[in-house]
Student: 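If you scroll down you'll find the structure; I have some questions about it.
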There are 2 protein chains.
Amino acid sequence: MDGTTDGSRATTSAERSLLLDDQLCFALYAASRAVTARYRPLLDELGLTYPQYLVLLVLWERDSISVRELGAALQLESSTLSPLLKRLEANGLLRRERRSDDERSVAIRLTDEGAGLRDRARAVPMAIGDAMGLTPEQDATAKQLLRLLVANVTER
Amino acid sequence: MDGTTDGSRATTSAERSLLLDDQLCFALYAASRAVTARYRPLLDELGLTYPQYLVLLVLWERDSISVRELGAALQLESSTLSPLLKRLEANGLLRRERRSDDERSVAIRLTDEGAGLRDRARAVPMAIGDAMGLTPEQDATAKQLLRLLVANVTER
DNA sequence: CACTAAATAGTTGCGCACGACTTAATGGTG
DNA sequence: CACCATTAAGTCGTGCGCAACTATTTAGTG
């Protein structure tokens with residue numbers, strides 16, 4: 001069926017290949033979606049999407065954070081976060097209130113329900129870690145390479 | 001400002017951390033978006049989005065492919081591809097026609113314009129490769145780890 | 001103090017991404 | 001042949017993700 005484009009074709013070094021399978025960027029794109037897909041059933045039980053889960057990870061670490069700080073932590077724009085936070089607020093997991101000392105800023109605070117979700121989420125990282133099935137060394141290498149990549153790609 | 005959660009906290013081995021920065025999955029998610037963002041200005045000049053570019057990569061390799069085969073190559077559902085292919089067709093880059101031998105199937109064929117775009121796209125992988133700034137060894141390691149990860153995560 | 005520039009969050013429009021579903025065609029099976 | 005499960009593509013609804021823009025508040029400057 002799909003043996004046609006398998007394996008390792010030769011690539012000139014002067015000009016990079018246009019072959020899909022040669023490209024790290026596609027591996028990255030596919031891996032990110034595959035991992036998110038693996039999260040889905042686990043997060044469904046918590047009533048969360050993956051980005052919502054990431055927001056809660058940040059808030060469980062440090063509550064009462066501004067949208068700006070949240071965006072810095074997750075590398076997301078306010079145009080992504082604002083509606084997402086509204087949905088989490090509608091679901092009763094957090095509250096948004098203008099800061100009195102700076103009315104431009106909005107403090108995101110977990111409700112008791114949002115804070116309580118943390119216990120139910122504790123098993124998630126381990127389940128995902130198991131599913132990823134990398135050795136601790138591979139995991140560390142991957143994280144290190146991805147951070148280097150992000151640093152390089154976002155500079156300038 | 002953000003030195004508060006930096007660095008390397010200790011993590012118990014029995015139970016994985018809920019810290020954002022400890023998680024490979026977040027590194028993956030952030031890296032994927034960062035790389036796509038780096039592509040954006042290059043692809044804007046070609047009038048393409050990143051997923052559209054991926055579709056063309058496949059078609060430049062092997063024209064007259066079905067939606068199903070395209071989905072297998074990119075790991076995307078027909079519900080994602082159908083509207084995307086419609087947009088590419090509206091932009092004059094490809095045509096979709098039912099196969100006569102199997103009327104369920106739709107053959108995607110590049111137009112001359114779509115095929116011609118390949119030359120203008122040749123510089124893209126190199127520009128991205130440079131921006132990613134990994135050594136060939138690091139690039140190979142990353143691809144290898146990501147493929148292993150995808151294989152593990154999607155099994156069962 | 002008046003006025004402008006910067007910062008913060010939000011809105012809008014568009015294009016994915018995917019689950020759930022629909023429609024149509026095909027391939028068995030008895 | 002009739003029937004039904006399977007396959008292929010597409011539609012619909014929801015939630016990101018981001019560029020471009022807006023509204024409001026704050027900071028800085030003469």
Side-chain angles (χ1 to χ4, degrees), chain A residues 1 26 29-41 43-44 47-56 65-72 74-91 93-108 154, chain B residues 1 26 29-41 43-44 47-56 65-72 74-91 93-108 154:
Chain A
M1 319 288 124
F26 175 68
Y29 166 78
S32 180
R33 286 185 302 117
V35 170
T36 304
R38 187 81 188 209
Y39 267 99
R40 210 179 316 278
L43 296 181
D44 276 351
L48 296 174
T49 66
Y50 181 65
Q52 289 169 6
Y53 168 73
L54 293 180
V55 164
L56 290 182
I65 198 179
S66 71
V67 175
R68 198 197 74 80
E69 292 167 310
L70 204 49
L74 299 174
Q75 292 298 300
L76 288 172
E77 303 296 321
S78 73
S79 48
T80 298
L81 287 174
S82 287
L84 188 157
L85 292 169
K86 271 192 174 178
R87 284 186 283 271
L88 286 175
E89 187 177 36
N91 293 346
L93 300 183
L94 53 81
R95 273 188 292 271
R96 299 178 302 149
E97 37 192 62
R98 292 274 162 187
R99 287 229 152 90
S100 54
D101 57 333
D102 184 346
E103 293 277 344
R104 290 173 301 183
S105 191
V106 165
I108 310 296
T154 58
Chain B
M1 305 300 116
F26 175 68
Y29 167 78
S32 179
R33 286 186 300 115
V35 170
T36 303
R38 188 80 189 208
Y39 267 99
R40 209 179 315 280
L43 296 182
D44 276 351
L48 296 174
T49 66
Y50 181 65
Q52 289 169 4
Y53 168 74
L54 293 180
V55 164
L56 290 183
I65 197 179
S66 72
V67 175
R68 197 197 75 79
E69 291 166 311
L70 205 50
L74 299 175
Q75 292 297 303
L76 288 172
E77 303 295 320
S78 72
S79 50
T80 297
L81 286 175
S82 286
L84 188 156
L85 293 170
K86 272 191 175 181
R87 284 184 283 271
L88 287 176
E89 187 177 36
N91 293 345
L93 301 183
L94 54 81
R95 274 189 292 271
R96 299 178 302 150
E97 38 194 62
R98 291 277 161 186
R99 288 228 151 92
S100 55
D101 57 332
D102 185 345
E103 292 278 343
R104 290 172 303 181
S105 191
V106 165
I108 310 295
T154 59

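Proteins get letters first, then strands, A, B, ... in listed order; numbering begins at 1 in each. On a predicted model such as this, the values are computed, not experimentally measured, just so you know.
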Student: Taking the side chain of A/Val67 as heavy atoms from C-beta outward, which of C/dG10, C/dG19, D/dA19 is closest to it?
Tutor: C/dG10

Student: Given C/dT26, C/dC16, D/dA19, identify the nucleotide with an atom nearest to the side chain of B/Leu84.
Tutor: C/dC16

Student: Output the single nucleotide from C/dA20, D/dA9, C/dT8 whose closest atom is nearest the side chain of A/Arg104.
Tutor: C/dT8

Student: Under 4.0 angstrom, heavy atoms only, what part of the nucleic acid is B/Leu76 near: base, sugar-phosphate, or nothing?
Tutor: sugar-phosphate

Student: What nucleotide among D/dG17, C/dG10, D/dC16 has an atom nearest to a side-chain atom of A/Thr49?
Tutor: D/dC16

Student: Between D/dG10 and B/Ser82, is there an OP1 or OP2 to side-chain N/O distance shorter than 4.0 Å?
Tutor: yes

Student: Does A/Arg33 make a side-chain N or O approach to OP1 or OP2 of C/dC16 shorter than 4.0 Å?
Tutor: no

Student: Could you tell me the separation between the CG atom of A/Leu88 and the OG1 atom of A/Thr49, rounded to the nearest 0.5 Å?
Tutor: 7.0 Å

Student: Which part of the nucleic acid, if any, lies within contact of A/Thr80, taking any heavy atom under 4.0 Å across all strands shown: a base, the sugar-phosphate backbone alone, or nothing?
Tutor: base

Student: Looking at C/dT12, D/dC16, D/dG10, which one has an atom nearest to any side-chain atom of A/Ser79?
Tutor: C/dT12

Student: Less than 4.0 angstrom between a side-chain N/O of A/Lys86 and OP1 or OP2 of C/dT11, yes or no?
Tutor: yes

Student: Tell me: CG of A/Asp101 to C1' of C/dT8, nearest whole Å?
Tutor: 13 Å

Student: Reckon A/Ser105 touches a base, only the sugar-phosphate, or nothing at all at heavy-atom distances under 4.0 Å?
Tutor: sugar-phosphate

Student: Indicate, with a heavy-atom threshold strictly under 4.0 Å, whether A/Ser66 touches base, sugar-phosphate, or nothing.
Tutor: sugar-phosphate

Student: On DNA chain C, nearest-nucleotide positions of A/Leu85 versus A/Tyr29: which is more 5'?
Tutor: A/Leu85

Student: Can you tell me if B/Arg40 touches the phosphate of D/dA19, counting only side-chain N or O atoms and a distance under 4.0 Å to OP1 or OP2?
Tutor: yes

Student: Please confirm whether the shortest side-chain N or O distance from B/Arg98 to OP1 or OP2 of C/dA25 is below 4.0 Å.
Tutor: no

Student: Can a donor-acceptor pair be found, under 3.5 Å and without considering hydrogens, that links the side chain of B/Arg33 to the backbone of A/Gln75?
Tutor: yes

Student: For D/dG17, does either OP1 or OP2 sit under 4.0 Å from a side-chain N or O belonging to A/Gln75?
Tutor: no

